[in-house]
J.: 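So that we are looking at the same thing, I have put the structure below in structure tokens.
Everything quoted here is computed from the prediction, not taken from an experiment.
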Amino acid sequence: MENPFSYAVKVGHISANAVRVRIEANEQELLGLAKLWNVLTVRFLKAELQISRWKKDGVRIKGTVEGEVEQACVVTLEPVLCQINEQLEQVYVPEGSKLARMTLDGQGEMVVDPDGPDLPEPFVGDTIDAGALVTEFAAMALDPYPRKLGVEFAGHLEDTGADIIRPSPFAALKDWKKD
């Protein structure tokens, strides 16, 4: 499904000095995001971004994402309010840039620092969609199993598998020598 929240950034218009941008989803975009994320409603989604050049031909976007989403409780299906407040930072480089290549150790294994910065994202053409980046960070903040406060699964019994009668692995061989 196509991203309903878009904000195009022209790479050629970005300077070394960070430009502050505030973007906010309109009513139509909020409806599209609710459908994309399969939630009841998206009350609001906005971001304060700083967009600047990164190492000559790259672009850095950093800032905060805020929003409010109503999801269905996994137990009662009643609405549960989810607050989104995320920090984002992403670096983009032109497709084919040597800055986008992964670092390898001596044996050809990829080196990834889980606590380090993310690898730069490649972009094609002269435009980056900052709205798609905001949508991605907001989606990662959503609770995959929202539960209304104080609600627990009741009356659910977990099957231990103790009642299952398994045949002996040698049962298939019992008739093998009868001739």
Side-chain angles (χ1 to χ4, degrees), residues 1-15 17-54 58-95 100 112-159:
M1 179 178 197
E2 190 175 312
N3 182 27
F5 184 48
S6 183
Y7 182 83
V9 174
K10 290 280 188 194
V11 175
H13 297 156
I14 299 170
S15 68
N17 299 328
V19 174
R20 292 185 181 276
V21 176
R22 179 182 167 86
I23 60 177
E24 190 164 354
N26 64 31
E27 221 174 290
Q28 192 66 33
E29 292 164 334
L30 293 174
L31 291 171
L33 288 168
K35 187 174 181 183
L36 175 69
W37 294 336
N38 196 24
V39 297
L40 301 175
T41 59
V42 179
R43 291 184 176 181
F44 75 89
L45 181 65
K46 62 184 177 182
E48 298 272 344
L49 306 174
Q50 296 173 14
I51 304 171
S52 60
R53 279 267 176 220
W54 183 78
V59 174
R60 171 181 276 137
I61 300 176
K62 61 191 282 187
T64 58
V65 179
E66 294 179 29
E68 208 171 72
V69 177
E70 272 188 346
Q71 297 175 273
C73 172
V74 293
V75 179
T76 65
L77 298 180
E78 294 177 47
V80 177
L81 198 58
C82 172
Q83 300 289 334
I84 297 171
N85 192 347
E86 293 291 309
Q87 298 293 315
L88 71 79
E89 183 169 356
Q90 183 64 57
V91 173
Y92 293 90
V93 293
E95 188 177 49
V112 177
D113 180 4
D115 298 322
D118 290 340
L119 288 173
E121 278 288 320
F123 68 90
V124 180
D126 66 343
T127 306
I128 295 170
D129 188 354
L133 177 65
V134 169
T135 301
E136 181 180 322
F137 272 80
M140 288 189 296
L142 295 176
D143 185 351
Y145 304 104
R147 189 178 300 176
K148 198 166 180 139
L149 197 60
V151 174
E152 296 292 326
F153 286 107
H156 175 76
L157 298 175
E158 193 68 38
D159 187 3

J.: Using 0.5 Å steps for rounding, measure from the CD atom of Gln90 to the CH2 atom of Trp54.
T.: 10.0 Å

J.: Checking Arg53 now: which residues fulfil side-chain hydrogen bond (donor to acceptor under 3.5 Å, both in side chains) with it, not counting sequence neighbours?
T.: none

J.: Under the criterion side-chain contact (heavy atoms from CB on, under 4.5 Å), I'd like the reasoning laid out for Val69 against Leu33: C-alpha separation, chi angles, the key distance, then a yes or no.
T.: CA-CA 10 Å; Val69 177; Leu33 288 168; over 6 Å; no

J.: Dump the intermediate steps for side-chain contact (heavy atoms from CB on, under 4.5 Å) on Val11 and Tyr92, then the final yes or no.
T.: CA-CA 10 Å; Val11 175; Tyr92 293 90; over 6 Å; no

J.: Side chain to side chain contact (heavy atoms under 4.5 Å, CB included) with Ala18: which residues, sequence neighbours excluded?
T.: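 Applying side chain to side chain contact (heavy atoms under 4.5 Å, CB included) to Ala18 gives Gln50, Ser52.
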
J.: Of the options Val134, Val91, Ile51, which is the one that meets Ile61 in a side-chain contact (heavy atoms from CB on, under 4.5 Å)?
T.: Ile51

J.: Measure across Pro4 and Gly32 and return the closest heavy-atom pair with its distance rounded to 0.1 Å.
T.: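 For Pro4 and Gly32, the tightest heavy-atom pair comes out as CG-C, 3.4 Å.
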
J.: Applying salt bridge (charged side-chain N to carboxylate O under 4.0 Å, His left out) as the test, list every pair that has at least one member in residues 130-141; sequence neighbours left out.
T.: none

J.: What's the separation between atom CD1 in Ile84 and atom CG in Leu142, rounded to the nearest 0.5 Å?
T.: 4.5 Å

J.: Provide the full list of side chain to side chain donor-acceptor pair (under 3.5 Å) pairs with a residue in residues 69-86, sequence neighbours left out, each pair given once.
T.: Thr41-Glu70, Arg43-Glu70, Glu68-Gln83, Glu78-Lys148

J.: Locate the shortest heavy-atom distance separating Pro94 from Phe123; write the atom from each residue and the value.
T.: N-CE2, 3.4 Å

J.: To the nearest 0.5 Å, tell me how far Leu40 CG sits from Cys73 SG.
T.: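 Answer for the CG-SG pair, Leu40 versus Cys73, is 10.5 Å.
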
J.: Do the side chains of Ile14 and Val19 get nearer than 4.5 Å, heavy atoms only?
T.: no

J.: Does the side chain of Leu49 come within less than 4.5 Å of Leu88's, by heavy atoms?
T.: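 Result yes, sub-4.5 Å side-chain heavy-atom pair found.
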
J.: Under 3.5 Å, sequence neighbours excluded: what are the donor-acceptor pairs made by side chains of residues 20-27?
T.:
from: Arg22; atom 1: NH1; to: Glu48; atom 2: OE2; distance (Å): 2.6
from: Asn26; atom 1: OD1; to: Gln28; atom 2: N; distance (Å): 3.1
from: Asn26; atom 1: OD1; to: Glu29; atom 2: N; distance (Å): 2.8

J.: Looking at every non-hydrogen atom in both residues, tell me the closest pair between Ala72 and Leu77 and how far apart they are.
T.: CB-O, 4.0 Å

J.: If a pair satisfies side chain to side chain donor-acceptor pair (under 3.5 Å) and one of its residues is in residues 4-15, list it, with sequence neighbours excluded.
T.: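 Residue pairs with at least one partner in residues 4-15: Ser6-Asp129.
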
